[in-house]
Amino acid sequence: MSEKTMEEKVEQATNSKNVSLPMSRVRLIMKSSPDVSCINQDALFLTTKATELFVQHLALSSYKNGSGKETNTLSYSDLANAAEETETFQFLTDILPKKILARDYLKSLEEMKKDDDSL
Amino acid sequence: MAERPEDLNLPNAVITRIIKEASTCPLREARRAISQAASVFVLYATSCANNFAMKAKRKTLNAGDVMSAMEEMEFERFLQPLREALEAYKKGQKGKKEASEQKRKDKEKKSSSTDENDKSRDEEEDEHMDDEQEGENEGEEEDVEN
C-alpha cells in the first residue's frame with residue numbers, strides 16, 4: 001500500500017460530516033474533569049472530532065516511525081516510541097510507558113536501594 | 001460520574017475502525033493503548049479549554065475554547081479540518097431543526113383541517129334534522145284536511 005493512498009484515506013475520513021465516536025461517552029469523560037460545569041454542544045462535537053483526528057494522527061505517526069511496516073501491523077512499542085520521541089505526544093508518556101524486562105526493573109530497583117544505603 | 005474505569009474508555013470497535021482508516025492492522029495491545037490515549041487526550045483538551053473559559057470568566061465551554069486548546073497543545077494541524085467539520089455539523093443541525101419545525105407545522109395544519117371537517121359534518125346533520133321535521137309537519141296538515 002503506497003503512502004499516498006493512506007494519506008488520501010485519512011483525508012477522506014477527516015472530511016466526513018459525522019463523527020464515529022459516541023458524543024455521550026466523550027461528554028462523560030469531559031464531565032469527570034474537575035471545575036467543568038457546562039459544555040456547549042459545538043464544543044462537545046469539536047472535542048469528539050479532534051479525538052478522532054488525534055487517534056488517526058497517533059496511529060499514522062507511530063506506524064511510519066515504527067518497525068511494523070514490513071508486517072503491516074501496529075504494535076504497542078511503536079506507540080511507546082512515538083510518545084517518547086514526538087513532542088506533541090509527550091503527555092502520553094505516563095500512560096504509554098516503554099516496556100522493560102522484569103529483571104532489568106528489579107536490577108534498577110536494587111541499584112537505587114544501594115544508592116540510598118550509601119547515603 | 002462513571003462507576004467503572006472502563007466507562008471512561010471509548011468503544012474499542014470504533015477506535016479500531018478509525019485506526020484502520022489511517023493505517024493498517026493494530027495489534028490488540030496497541031488498540032487498547034490508543035483507546036486509553038484517546039481518553040487522556042479528551043481530558044487534557046477539556047482541561048486546557050476550561051482554562052480559556054475561566055480566563056474569560058465563563059462557566060460554559062464553547063467551541064472557541066476547544067480551538068484555543070488545540071493550539072495550546074500544539075495540534076494546529078487539526079484547526080482547519082475542525083473548522084470545516086464544525087461548519088458541516090452546524091449546517092446539519094440547522095437542517096434538522098428546520099425539518100422538525102416543518103413537521104410541527106404540518107401537524108398543526110392537519111389537526112386544524114380535521115376540526116373543519118367535523119364542523120361541516122355537524123352542519124349537514126342539522127340540515128337533515130330540519131328536513132325530517134318539515135316532512136312530519138306536512139303529514140299532520142294532510143290529516144287535518146281529511
Side-chain angles (χ1 to χ4, degrees), chain A residues 1 6 9-10 12-22 25-26 28-33 35-60 62-64 68 72-76 78-80 83 87-89 91-92 94-96, chain B residues 1-2 7-11 14-15 17-27 29-47 49-50 53-54 59-67 69-70 73-75 77-78 81-82 84-86 88-93:
Chain A
M1 217 189 279
M6 267 204 291
K9 268 190 177 178
V10 172
Q12 235 181 8
T14 50
N15 285 338
S16 61
K17 286 181 191 175
N18 298 315
V19 287
S20 311
L21 293 169
R25 199 68 77 92
V26 174
L28 193 66
I29 302 173
M30 287 173 92
K31 287 241 162 175
S32 72
S33 179
D35 301 329
V36 170
S37 38
C38 301
I39 305 166
N40 186 355
Q41 191 68 13
D42 289 346
L44 177 62
F45 168 77
L46 275 183
T47 310
T48 312
K49 191 73 190 170
T51 312
E52 282 188 11
L53 295 174
F54 168 77
V55 167
Q56 286 173 345
H57 179 46
L58 177 62
L60 249 183
S62 310
Y63 179 73
K64 275 186 188 168
N72 233 20
T73 54
L74 184 67
S75 69
Y76 177 84
D78 295 335
L79 292 170
E87 217 181 287
T88 44
F89 296 142
F91 69 97
L92 295 172
D94 279 342
I95 61 152
L96 293 179
Chain B
M1 283 287 277
D7 287 343
L8 291 180
N9 276 333
L10 301 155
V14 181
I15 295 275
R17 197 168 8 121
I18 299 173
I19 302 173
K20 278 195 173 164
E21 281 171 5
S23 62
T24 57
C25 192
L27 298 176
E29 226 179 351
R31 253 204 321 253
R32 194 167 52 90
I34 291 189
S35 177
Q36 286 176 328
S39 302
V40 170
F41 173 82
V42 173
L43 277 174
Y44 184 20
T46 306
S47 158
N50 200 34
M54 290 204 295
K59 282 196 171 174
T60 308
L61 283 187
N62 66 19
D65 298 329
V66 178
M67 298 297 260
M70 290 298 121
M73 292 159 68
E74 292 177 31
F75 286 118
R77 50 171 50 224
F78 292 172
L82 281 178
E84 290 171 4
L86 186 63
Y89 174 72
K90 278 187 175 167
K91 271 189 198 161
Q93 290 293 88

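Not measured: the values here are computed from a predicted model. Throughout, a chain's letter reflects where its sequence line sits, starting with A, and its residues are numbered from 1.
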Under the side-chain contact (heavy atoms from CB on, under 4.5 Å) criterion, do B:Met67 and A:Leu46 qualify, and how do the steps go?
CA-CA 8 Å; B:Met67 298 297 260; A:Leu46 275 183; 3.9 Å; yes
Between B:Val40 and A:Asp94, does the side-chain contact (heavy atoms from CB on, under 4.5 Å) criterion hold? Intermediate values first, please.
CA-CA 10 Å; B:Val40 170; A:Asp94 279 342; over 6 Å; no
For the pair B:Ile19 and A:Gln56, evaluate side-chain contact (heavy atoms from CB on, under 4.5 Å) and give the outcome as yes or no after the intermediate values.
CA-CA 6 Å; B:Ile19 302 173; A:Gln56 286 173 345; over 6 Å; no
What's the verdict on side-chain contact (heavy atoms from CB on, under 4.5 Å) for B:Asp65 and A:Asn40, showing C-alpha distance, side-chain angles and the deciding distance?
CA-CA 10 Å; B:Asp65 298 329; A:Asn40 186 355; over 6 Å; no
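Closest approach of B:Ala33 and A:Leu96 over heavy atoms only: CB-CD2, 3.4 Å. Across all non-hydrogen atoms, the minimal contact from B:Lys59 to A:Ser37 is O-OG, 3.0 Å. The minimum heavy-atom distance between A:Ser75 and B:Ala30, with the atom names listed, is C-CB, 3.9 Å.
No other option in A:Leu79, A:Leu58, A:Thr47, A:Val26 has as many heavy-atom pairs under 4.5 Å with chain B as A:Leu79.
Side-chain contact between A:Leu74 and B:Leu27 is absent, with no heavy atoms from C-beta onward closer than 4.5 Å. Put simply, the side chain of A:Ile39 does not reach to within 4.5 Å of the side chain of B:Thr60, judged on heavy atoms. A heavy-atom distance below 4.5 Å is not found between the side chains of A:Tyr76 and B:Arg31. Contact check for A:Asp42 versus B:Lys90: side-chain heavy atoms found under the 4.5 Å cut-off. Using a 4.5 Å heavy-atom cutoff, the side chains of A:Cys38 and B:Leu61 are not in contact. Looking only at side-chain heavy atoms (C-beta outward), A:Ser32 and B:Leu43 come within less than 4.5 Å of each other.
No part of B:Lys91 comes within reach of chain A, as not one of its non-hydrogen atoms sits under 4.5 angstrom from that chain.
In this structure a side-chain-to-backbone donor-acceptor pair under 3.5 Å is present from B:Asn50 to A:Asp35.
Note that CG of A:Leu44 is 9.5 Å distant from OG1 of B:Thr46, once rounded to the nearest 0.5 Å. Atoms CG and CD, on A:Leu92 and B:Gln36 in that order, are 10.5 Å from each other to the nearest 0.5 Å. The distance from atom OG of B:Ser39 to atom CD1 of A:Ile95, rounded to the nearest 0.5 Å, is 8.0 Å. In this structure, CD on A:Gln41 lies 13.0 Å from CG on B:Asn62, to the nearest 0.5 angstrom.
Scored by the ring-ring contact (aromatic ring centres under 6.0 Å, His included) test, B:Phe75 finds A:Phe54, B:Phe41, B:Phe78 as partners (sequence neighbours excluded). In this structure B:Glu74 satisfies the salt bridge (Lys or Arg N to Asp or Glu O under 4.0 Å) test with no other residue, sequence neighbours excluded.
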